[in-house]
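Structure provided below as structure tokens; questions to follow.
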2 protein chains.
Amino acid sequence: MTERAPTPAEPEAPPRRSDATRAGILAAARERFAADGYERATIRAIAKDAEIDPSMVMRYYGSKEGLFAAATSADLRMPDFTRVPREEVGQVLVGHFLDLWEDAGVLTALLRVGITNQAGAERMRKIFAEQLLPVAREVCPDPDAAPARAALCAAQLLGLALTRYVLRFPPSAALTREEITAWLAPTLQRYLTAERP
Amino acid sequence: MTERAPTPAEPEAPPRRSDATRAGILAAARERFAADGYERATIRAIAKDAEIDPSMVMRYYGSKEGLFAAATSADLRMPDFTRVPREEVGQVLVGHFLDLWEDAGVLTALLRVGITNQAGAERMRKIFAEQLLPVAREVCPDPDAAPARAALCAAQLLGLALTRYVLRFPPSAALTREEITAWLAPTLQRYLTAERP
DNA sequence: CCTGTTGGTCAACGCTTGTTGGCCAACGTA
DNA sequence: TACGTTGGCCAACAAGCGTTGACCAACAGG
């Protein structure tokens, strides 16, 4: 759409004087998208957070959709599950996701937006297919059922994130990391490796 | 807020000539809220769906928030779990939720809106506390842990709804009712009745 | 036949949104 | 010093939003 491509695929751009501003906008955008969802996160509010003029956002990212795309370029950085003992897969998976969610607002933003925005949902489907599905395909006993098994894991993991970080159910938010691992790891382990339900 | 109270608590209102219109608006609102979320579901669009003037929506429901409140007066109609054998609790719970989600768009609307809208999240917390938590308190072995156990069940059930009805992950949407029950019932059973994780 | 109530339309209001184009200051060469 | 490029602000645009009030048609009761 725009001449100035904001895609991260760009090989090596020369460092520009405005890189700090760009990063500031991106950080503010992530926070706002995470807190308010796509529609309520206005470009004006993001610009004010970044202490910049709204028109700058447009110049650097083309449009609101472009900004969103740049702000939610999530990489789950899945660990190498070929090196994980099969009986520990569930536990490692829970631990990895807890790290991801706690660490930054990117995933919260993605989840919130995926629910109101068509493009956001598409992005989540893609992340699921490219990153969680291969794991299931690797560790489950019947490759044909891998998509279903991965979907069940996604449901459990996203459901926890939903109640804990978005809806903020008090008992869900109060769970410790150890409790979550203890309860969820066996569930995921079963979804991924059990011979039959 | 409004003189004309739209609360369902009103004991017995005399049947009005406009009841059909009111119901039409409510049905259209539910569909739009479920499909688009709170912000994108405009009063104008809802009115057009109901083949009515936007101002009628305002007159009957006071404001957009009032309309939303009326459109999402969800009652989970929980079955009586004192009559369910303890070892079948998980299965009955899954079945009941599948019935609820399939049957109407109310819950989809509620979920979508609970994620963007503050009042929506509050409503979901209330529904959780009033309807799912008592079940846990009744069947779990340690009443102190009932909130945590209920939260885990909510995470699993809402996560399934999220991936299946909102994000529409293909493998999740493709699961049959029987498969879902077979996989999820043991999980919920464990969350509710296991002595320890 | 008049008259008050109810169901409904129409046109506009004030506001916020994403987006655009013009203008200005600072910088990096030549 | 001159000048093109870059970073940035300002003011405005058109469109869409929720919301309002004036106005009309049909009906009911006296």
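Within every chain, numbering begins at 1; the chains are lettered A, B, ... in the order of the sequence lines, protein sequences first and strands thereafter. Here the structure is a predicted model, which means the values were calculated and not measured.
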Test side-chain contact (heavy atoms from CB on, under 4.5 Å) applied to B/Leu157 - qualifying residues, sequence neighbours left out: B/Leu93, B/Phe97, B/Leu188
For B/Arg149, all residues meeting side-chain hydrogen bond (donor to acceptor under 3.5 Å, both in side chains), sequence neighbours excluded: B/Asp142
Whole-Å gap separating P (C/dT6) and OH (B/Tyr60): 11 Å
Sequence-distant partners of A/Arg164, side-chain hydrogen bond (donor to acceptor under 3.5 Å, both in side chains), two or more places apart: none
Nucleotide-resolved protein contact map, nucleotides 12-24 of chain D, B/S/- at heavy-atom distance under 4.0 Å: B----BBSBB---
Rounded distance in Å - CD (B/Glu51) to C1' (C/dG7): 16 Å
B/Met56 CE to C/dA11 P, straight-line distance once rounded to whole Å: 17 Å
Partners meeting side-chain hydrogen bond (donor to acceptor under 3.5 Å, both in side chains) with B/Arg123 (sequence neighbours left out): none
By side-chain hydrogen bond (donor to acceptor under 3.5 Å, both in side chains) - contacts of B/Tyr191 (at least two apart): A/Gln156, A/Thr187
